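Nothing here was measured: the structure is a model prediction, and the numbers come from that model. Residue numbering restarts at 1 for every chain, and letters A, B, ... go by the order of the sequence lines.
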Amino acid sequence: MSGRSSEPSAAHPIAVKIVISGGFGVGKTTFVGAISEIEPLVTEAELTEKSIGIDDTSAVSGKTTTTVALDFGRITLDDALLLYLFGTPGQDRFAFLWDDLVTGALGAIVLVDTRRIEDSFPAIDYFEEHEIPFIVGINRFPGGQQFSPSEVRDALGVSPGVPMVQCDARDRESVKSVLVSLTEEVLAKRANRERAGSTW
Amino acid sequence: MSESSWGSESELFPYAGGPLTPTGRHSGDMDEDPVIRPFMLTNGRTQPLHDGLRIETLLRAAPAALSAPLRFESRRIVELAQSPMSVADLAVALRVPLGVVRVIVADLITQGFLDVEIQPEEFSTSLIERIRDRVRAL
Ligand SMILES: Nc1nc2c(ncn2[C@@H]2O[C@H](COP(=O)(O)OP(=O)(O)OP(=O)(O)O)[C@@H](O)[C@H]2O)c(=O)[nH]1
Ligand SMILES: [Mg+2]
């Protein structure tokens, strides 16, 4: 809304966002930490009304806040390109943050723990519903049974088009290759779309 | 976010050097309500004056903004944003919640001290390929 428009003279950096999601304890924080150049943490405050009957949203009276920590990673890809990673908060009560985290994202990575596959259902539903390109990263935990990607796919109920990749969130090279897989998926989706001649 | 909620000049520019008003509409709250403190930095406001600020939105401050009479958090933001910084980066640097940074940043934009880095409408194929290749090369 400020009148000053930025001249296209200086190099304008671009920020790209990828969302890391999945169930509780699935490795989201580990994933972001394995590749981020900063300490992976940012906070958001949840504002809740206390029942005092105050409707003036500009005043704090009658409200209380709870703070939630979000995984946050930054990767400088070059001098004009920044990649940000955001982890979705696990607890349901912070679901209100999801739209904010996901809007404008290049895509999402859904991590799955094969011992508790169903924990990742809400994330998959969300990204399918919002038509966000996503891939599934299968994390192998000790004691987790060895499932083939197609078994995991069946258990998750995701369409055959969604890529499933193995992932060790503790391993930087593995994390890199999962991110690369996501970019490939976004490119593939786009190529399909263009082939189909759709306008979006 | 109606204009009418901004009655006076001092309310419109709460960070531009005006005196802090610890009393007033939220006086005494701290005694009962220590958990609300994050939003004390914004005089209790929780809604940004400027829409469309995402967590990854990049902001850049004009060098001239450094000499503006700004209060502590606003000054820090203007200093940090001499090179482009995202809303999330600022929240980390200031150790305050994202929502608080959004309100302060929105005020600074409205006052002309901060500019949003314009982003492409859509990620181009070449941009996505660039991301892929750069990640691979990390
Ligand atoms: N074997 C194995 N262990 C992992 C992997 N990723 C994470 N872990 C371990 O699993 C535990 C939980 O990982 P976190 O990264 O904290 O999981 P999270 O998804 O952030 O958990 P919440 O934020 O609590 O939902 C840690 O002890 C990690 O070391 C993986 O890929 N393989
Ligand atoms: Mg975590």
Could you tell me which portion of [X] (side chain, backbone, both or neither) has an atom closer than 4.5 angstrom to a non-hydrogen atom of chain B?
X	answer
A:Leu101	both
A:Ala69	neither
A:Leu106	both

Verify, without hydrogens or angle tests, whether B:Ser67 (side chain) and B:Ala64 (backbone) share a donor-acceptor contact under 3.5 angstrom.
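Side chain of B:Ser67 to backbone of B:Ala64: a pair is present.
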Check whether A:Asn139 reaches the backbone of A:Val26 with its side chain - one donor and one acceptor, N or O, closer than 3.5 Å.
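Indeed, once roles are kept as given, a pair shorter than 3.5 Å links the two residues.
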Would [X] and [Y] pass as an ion pair if we require N to O under 4.0 Å?
X	Y	value
B:Glu122	A:Arg193	yes
B:Arg102	A:Asp100	yes
A:Glu194	A:Arg190	no
B:Arg76	B:Glu73	no

Heavy-atom cut-off 4.5 Å, strictly under: side chain, backbone, both or neither for [X] against chain A?
X	value
B:Asp133	neither
B:Ser83	neither
B:Gln119	side chain
B:Leu58	side chain
B:Arg54	side chain

Would you please classify the geometry between the A:Phe86 ring and the A:Phe72 ring as parallel, tilted or perpendicular, with 30° and 60° separating the classes?
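A:Phe72 and A:Phe86: parallel rings.
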Count the heavy-atom pairs under 4.5 Å between each of B:Ala88, B:Pro84, B:Ala91 and chain A, then report the option with the highest count.
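Of the options given, most contacts go to B:Ala88.
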